[in-house]
Protein chains: 2
Amino acid sequence: MDDHATARSGYHHGNLKEALLESARKILEESGHSALSLRQCAKAVGVSATAPQNHFGNKSGLLTALATQGYAELVARMRSSLPPDASRAERRSAALQGYVAFALENPALYELMFARDRVLADDPALLEQVGACFAVLADTSQELGLFPSGDPNLEAREQVFVWSLVHGYAQLATAGRFKKEAMKGMDILSIFPEGNQTG
Amino acid sequence: MDDHATARSGYHHGNLKEALLESARKILEESGHSALSLRQCAKAVGVSATAPQNHFGNKSGLLTALATQGYAELVARMRSSLPPDASRAERRSAALQGYVAFALENPALYELMFARDRVLADDPALLEQVGACFAVLADTSQELGLFPSGDPNLEAREQVFVWSLVHGYAQLATAGRFKKEAMKGMDILSIFPEGNQTG
DNA sequence: AGGCATATATTTACAGTGTAAACATAAGGT
DNA sequence: ACCTTATGTTTACACTGTAAATATATGCCT
């Protein structure tokens, strides 16, 4: 009958995989990662306790799918609302602000995206999105003017610098490690050192 | 009889708390956080399954104690082998290198130290060590020469910058996010922009 | 010394969880 | 129609955290 989305013929859900991801995401941000279980997701969707196994194999599979989704959204956030003729410095500012905004809006998911153990690190779909994410950062990391221009390893150095700075800021901010009174009017752009560009 | 350390009168262990911490640490680094359970720690020490409850209350208590221990070691690492008359730039280099070295040597513990959910964030002993850790970073963060010197918020800006850069680098490095071929001869100092100091 | 409060460790019990295996039901292609 | 596959269910089991009751040692007080 209805060939898309929330088909429900009683026995078959019709869109269970995405429904499970959605409820998993909700549980994760609302109740923290310790409350996220396959069985709770199943119950929230109204399906048997072991139904998620058919779609994700095991819990790592679900978490991997969540992380993959997270990276895709992060990339979209970094690219959002950018005029096509923006300068590299403008693209960098937009990407950095979008990156941090995503982390602050989805702290539990963001933590999962960088967790060492919970996710299948060599999942192809995940690797693809991770690559896309870091490609955006790499593109915007050039020509910082912070390192000696004769350096043969200049590009790599600039990339590592930008990734480290923005990830560290994002995670420390979401973890609440910075004192609030010192953070007034401070954001990722205000701690980004000016190179020798005009900006 | 023996009033210290590994006393063993059959029933009472004598040093169970530290023994549990030790085995927890071992399990964490050798088998990952998913393998770390109170029951496994108890079994490793040769004690009943619920004995850890007497010393840590619950699992969060054990993880909090682990994280506290981690921060203490991190501080020691940052301060290690520094001549008392070292300049601020020298202290900064030593602290940054010690910080990253600790993270690379204890990746699972380091992740736990910045986890959002697993640890009792307001534990006094933990807060004390966190404070000590950040005090070292704050001390070494001054006079970077990277931001306008007239800035009324200069100190806070410098601190946030240094914490973000070193934490981001440490976590991305432990997570293996940097491509290996680009990392040859690159470390935290080589991505630290030179200010206007002599260094 | 005896005696009692406390700390430390055990046993038992129970609800959640992940996961494997066998089974049931729907969907699709030949 | 029939078989194959995909999708859900049921059942079963081992492992985990945690509460509660119990047992054993330690320390202090008189």
Among the candidates [options], find the nucleotide nearest to the side-chain atoms of [X].
{"X": "Ser48(B)", "options": "dA9(C), dG8(D), dT19(C)", "value": "dA9(C)"}
{"X": "Lys59(B)", "options": "dT18(D), dA9(C), dG8(D)", "value": "dT18(D)"}
{"X": "Asn58(A)", "options": "dT9(D), dT19(C), dT10(C)", "value": "dT19(C)"}
{"X": "Arg39(A)", "options": "dT10(D), dT10(C), dT17(C)", "value": "dT17(C)"}

Report the distance from atom [atom1] of [X] to atom [atom2] of [N], rounded to the nearest whole Å.
{"X": "Gln53(A)", "N": "dT11(D)", "atom1": "CD", "atom2": "P", "value": "16 Å"}
{"X": "Asn54(A)", "N": "dA22(C)", "atom1": "CG", "atom2": "C1'", "value": "13 Å"}
{"X": "Leu63(B)", "N": "dG17(D)", "atom1": "CG", "atom2": "P", "value": "9 Å"}
{"X": "His33(A)", "N": "dG18(C)", "atom1": "NE2", "atom2": "P", "value": "11 Å"}
{"X": "Leu38(A)", "N": "dG16(C)", "atom1": "CG", "atom2": "P", "value": "16 Å"}
{"X": "Phe56(B)", "N": "dG17(D)", "atom1": "CZ", "atom2": "C1'", "value": "15 Å"}
{"X": "Leu62(A)", "N": "dG18(C)", "atom1": "CG", "atom2": "C1'", "value": "12 Å"}
{"X": "Leu20(A)", "N": "dT7(D)", "atom1": "CG", "atom2": "P", "value": "12 Å"}

- Plane angle bin for Phe147(A) and Phe161(A) - parallel if under 30°, tilted between 30 and 60°, otherwise perpendicular: perpendicular
Hey, does the side chain of [X] come within less than 4.0 Å of [N]'s phosphate (OP1/OP2), counting only N and O?
{"X": "His55(A)", "N": "dA6(D)", "result": "no"}
{"X": "Gln40(A)", "N": "dG16(C)", "result": "no"}
{"X": "Thr50(B)", "N": "dT10(C)", "result": "no"}

- Query: Just checking Ser37(B): base, sugar-phosphate only, or nothing, at a heavy-atom cut-off of under 4.0 Å?
  - Reply: sugar-phosphate
- Message: Is there a side chain to side chain contact (heavy atoms under 4.5 Å, CB included) between Leu36(B) and Leu66(B)? Walk through the geometry before answering.
- Response: CA-CA 12 Å; Leu36(B) 176 56; Leu66(B) 269 181; 4.1 Å; yes
- Query: Do Ser190(B) and Arg157(A) have a side chain donor and acceptor closer than 3.5 Å?
  - Reply: yes
- Item | With His167(B), the ring-ring contact (aromatic ring centres under 6.0 Å, His included) member among Phe102(B), Tyr99(B), Tyr110(B) | Tyr110(B)
- Item | Worked verdict on Ile191(B) versus Leu165(A) for side chain to side chain contact (heavy atoms under 4.5 Å, CB included) | CA-CA 10 Å; Ile191(B) 65 160; Leu165(A) 188 66; over 6 Å; no
